[in-house]
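Scroll down for the structure; my scribbles are underneath it.
Each chain gets a letter, A, B and so on, in the order its sequence line appears, and its residues count up from 1.
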2 protein chains.
Amino acid sequence: MADRTRATTIADVALRAGVSQASVSRVLNGKQNVDPAIAARVHDAVSALGYTPSIAARSLVHGRNDTVAMVVPDLENPLFQGILKGLSLAAAADGYRVLVADTAEQAGEEAAIAREARHRCDAIVLCAPRMPASQLRALAPLLAPAVVVNRSLDDPAVPTVGVDYARGMRDLVEHLAALGHRRLVFLAGPDASSSQAERMRGLRDAVTALPGVSVDTLPCGSRLDDGYRSGEAVAAAVRAGTTAVIAFNDLVALGLMPRLAELGLRIPDDVSVAGFDDVPLARYATPPLTSMSVPRSELGAQVWSRLRALIAGEPSEHALLFRPRLEHRASTAPPPAARRLTGVREALPAESEVPA
Amino acid sequence: MADRTRATTIADVALRAGVSQASVSRVLNGKQNVDPAIAARVHDAVSALGYTPSIAARSLVHGRNDTVAMVVPDLENPLFQGILKGLSLAAAADGYRVLVADTAEQAGEEAAIAREARHRCDAIVLCAPRMPASQLRALAPLLAPAVVVNRSLDDPAVPTVGVDYARGMRDLVEHLAALGHRRLVFLAGPDASSSQAERMRGLRDAVTALPGVSVDTLPCGSRLDDGYRSGEAVAAAVRAGTTAVIAFNDLVALGLMPRLAELGLRIPDDVSVAGFDDVPLARYATPPLTSMSVPRSELGAQVWSRLRALIAGEPSEHALLFRPRLEHRASTAPPPAARRLTGVREALPAESEVPA
DNA sequence: CTGTTAGCGCTTTCAA
DNA sequence: TTGAAAGCGCTAACAG
């Protein structure tokens, strides 16, 4: 039975060790020079009483609680999961903990949740891809120290860490164009998402830079079933001459592929499919999915690096943008027409044979 | 520029409103009968100053901070992600936040991390599948209020919420046996994992109850690449007469399937494959993966329900065990021999045609 | 090197 | 109904 009495406090330790509370505090915090004899008695008392300092009291005195919050729109998104993982590991190494706040896609609550979370913690990581830019701009300064993920922001106090979706998209289109594709389809993500806008920008850049290449956009979404449900629309596009499809992200691509198979389309023989994010499962898909790799854990680690600096009072660093890296796998290959001319073999990446 | 001065305190509000701190506190907490006029002035002052109460100070007084911790061995595991999601949403609805502590598989640190996390929070959720039972038994009482996930424990103060892996395994074997399979292979998870032990128990139960059915165990692991790497061993087993393989979990199965395909084995024509957990991707695999469904978010919600009761001082409830539900998809079908006799069609589930 | 003494910001008796 | 005052448990000046 755990007794319901008050937990032991520093006073109990001081009493038992026959010293002042200040000395106990010093010993426990390794401050100044403390007489070894006293230190020993304190340590004895501490272990005898099983004492542990109150985090709350310490927080009150220090004005910080060694905890940072991460606000995400959806914990089920592999990207945020990866960032959370990287962040929590990096932060833990510095003695910090991470509080998660899933806003459950309630865009309206986001700002309030973020402020509340920030208020409980020393700093905050904000992932709010759908928050209107104006609202974000107003909110950001209230959140500092803070790091914003996957969005650009010109607040000098709030650095951003993110993925260069535009560049990644452009690289991806170039990859497909190099394979010989000319008519592409893009399965768009949520309209309000900032990374969706970035992707579109990359798409436009690519089309501009690549005469003869066109990209049609089909509204879709960001999840497995969104991809699955887009199967028919994609099939129709393929019948109309499209030879490759770029999914908003890997989840969409992974949902789409089996549907295309059901509809009798072979990948990549009839149509190439590419994703974005390079989730772990991408290389184990059938066929292995070509994707743009995003360093999820590394993103989290960098977020922590920025955050730690801000907490320490250092000035905000420059925005950090990771350029996605193409992971060419078997789901993208030359289009049917080109294949008849050049043959498949040279276009298939060697590693598509051995995903591990 | 945010000024570096102290944040506004209740004293500032009291001063500005021309009342005592006690009154401000009362108004803000809706205590007792407060003169409407005073309340109004307080509210004015609060909004004028943009005051928000200090969480730390409040925590010190109340002895709680409305936060619970969740300790997990690996945040990348879909099961824990799902539980975290369900927990954080349910807890948030009651005004609680969730702190995550990823022990990064460092079994040695687990207990220390858990105690530290508990110390920062009002309660804790412990996911420690590999912690030795003796250690867990010793640790659990020190963590209360706490809920242990996916492990049995006879501590009357620490309830458990989990999955009946033994039963699920047995149901899965029965499913395969009913399809006509007699020689099965099980790709085992981490030896020290408690759920692995439970699965083995279910396997033994099934074999005992089903004369003529045998299950060979192959060491494997719990992740995608573990499954992938088991491909050759599985192929060898198939050549030796095995007709179905049960993976430790879906990740293993999803890693295994493409490897089997590479090795020239067709699923389910040459060998049936089943997973466990029913991750979202299972139904979008090629072929759709038969799996035992585990209510991940519901688990999280139930964990919160238990935890909330404990925090409120209510006695610990009985252990809660969810029975996994079979999701029969196209990856499992009658074995080659049986198929020749009975034909494929009747054995294929209708829903395998339309995953969504 | 050690003890005394103020607080950190808030809640809560206890009087008035 | 309201205010004064005493802590919650700890740290940090400041003396000694």
Can you measure from CD1 (I124(B)) to CD1 (I113(B)) and round to the nearest 0.5 angstrom?
-> 10.0 Å

Could you give the distance from OG (S59(B)) to CG (N65(A)), rounded to the nearest 0.5 Å?
-> 8.5 Å

Nearest-angstrom distance from the residue atom CG of N33(B) to P of dG3(D) | 15 Å

What nucleic acid atoms does V34(B) come within less than 4.0 Å of, heavy atoms only: base, sugar-phosphate, or nothing?
-> sugar-phosphate

Check the distance between dT2(C)'s C1' and I10(A)'s CD1 and give it to me in whole angstrom.
-> 14 Å

Below 4.0 angstrom from OP1 or OP2 of dC10(D), is there any side-chain N or O of S54(A)?
-> no

Carboxylate-amine/guanidinium proximity below 4.0 Å for R137(B) and D154(B) | no

Between L60(B) (CG) and dC10(C) (C1'), how many Å, whole number?
-> 8 Å

Nearest heavy-atom approach of K31(A) to V34(A) is O-CG2, 3.5 Å

From CG of L15(A) across to P of dC10(D) the rounded distance in Å is 14 Å

With R306(B) as reference, evaluate V158(B), V147(B), V148(B), I311(B) under the side chain to side chain contact (heavy atoms under 4.5 Å, CB included) test and give the passing residue.
-> V147(B)

Closest-nucleotide ordering on DNA chain D, the 5'-leading residue of A11(A) and I38(B) = I38(B)

Among the nucleotides dC10(C), dG3(D), dG9(D), whichever has the atom closest to the side chain of S20(B) is dG3(D)

Whole-Å distance between dG9(C) P and L49(B) CG?
-> 14 Å

Taken to the nearest whole Å, CG/N65(B) to P/dC10(C) is 16 Å

To the nearest angstrom, how far is I55(A) atom CD1 from dC10(D) atom C1'?
-> 11 Å

Rounded to the nearest 0.5 Å, how far does CG of L99(B) lie from CZ of R97(A)?
-> 7.5 Å

Taken to the nearest whole Å, CZ/R41(B) to P/dT1(D) is 16 Å

Would you call R130(B) and E110(B) a salt bridge, using N to O less than 4.0 angstrom?
-> no

Under 3.5 Å between N/O atoms: give me all the protein pairs with nucleotides 12-16 of chain D, atom names plus distance.
{"residue": "dA12(D)", "atom": "OP2", "partner": "K31(A)", "partner atom": "NZ", "Å": "2.8"}
{"residue": "dA13(D)", "atom": "N6", "partner": "R26(A)", "partner atom": "NH2", "Å": "3.3"}

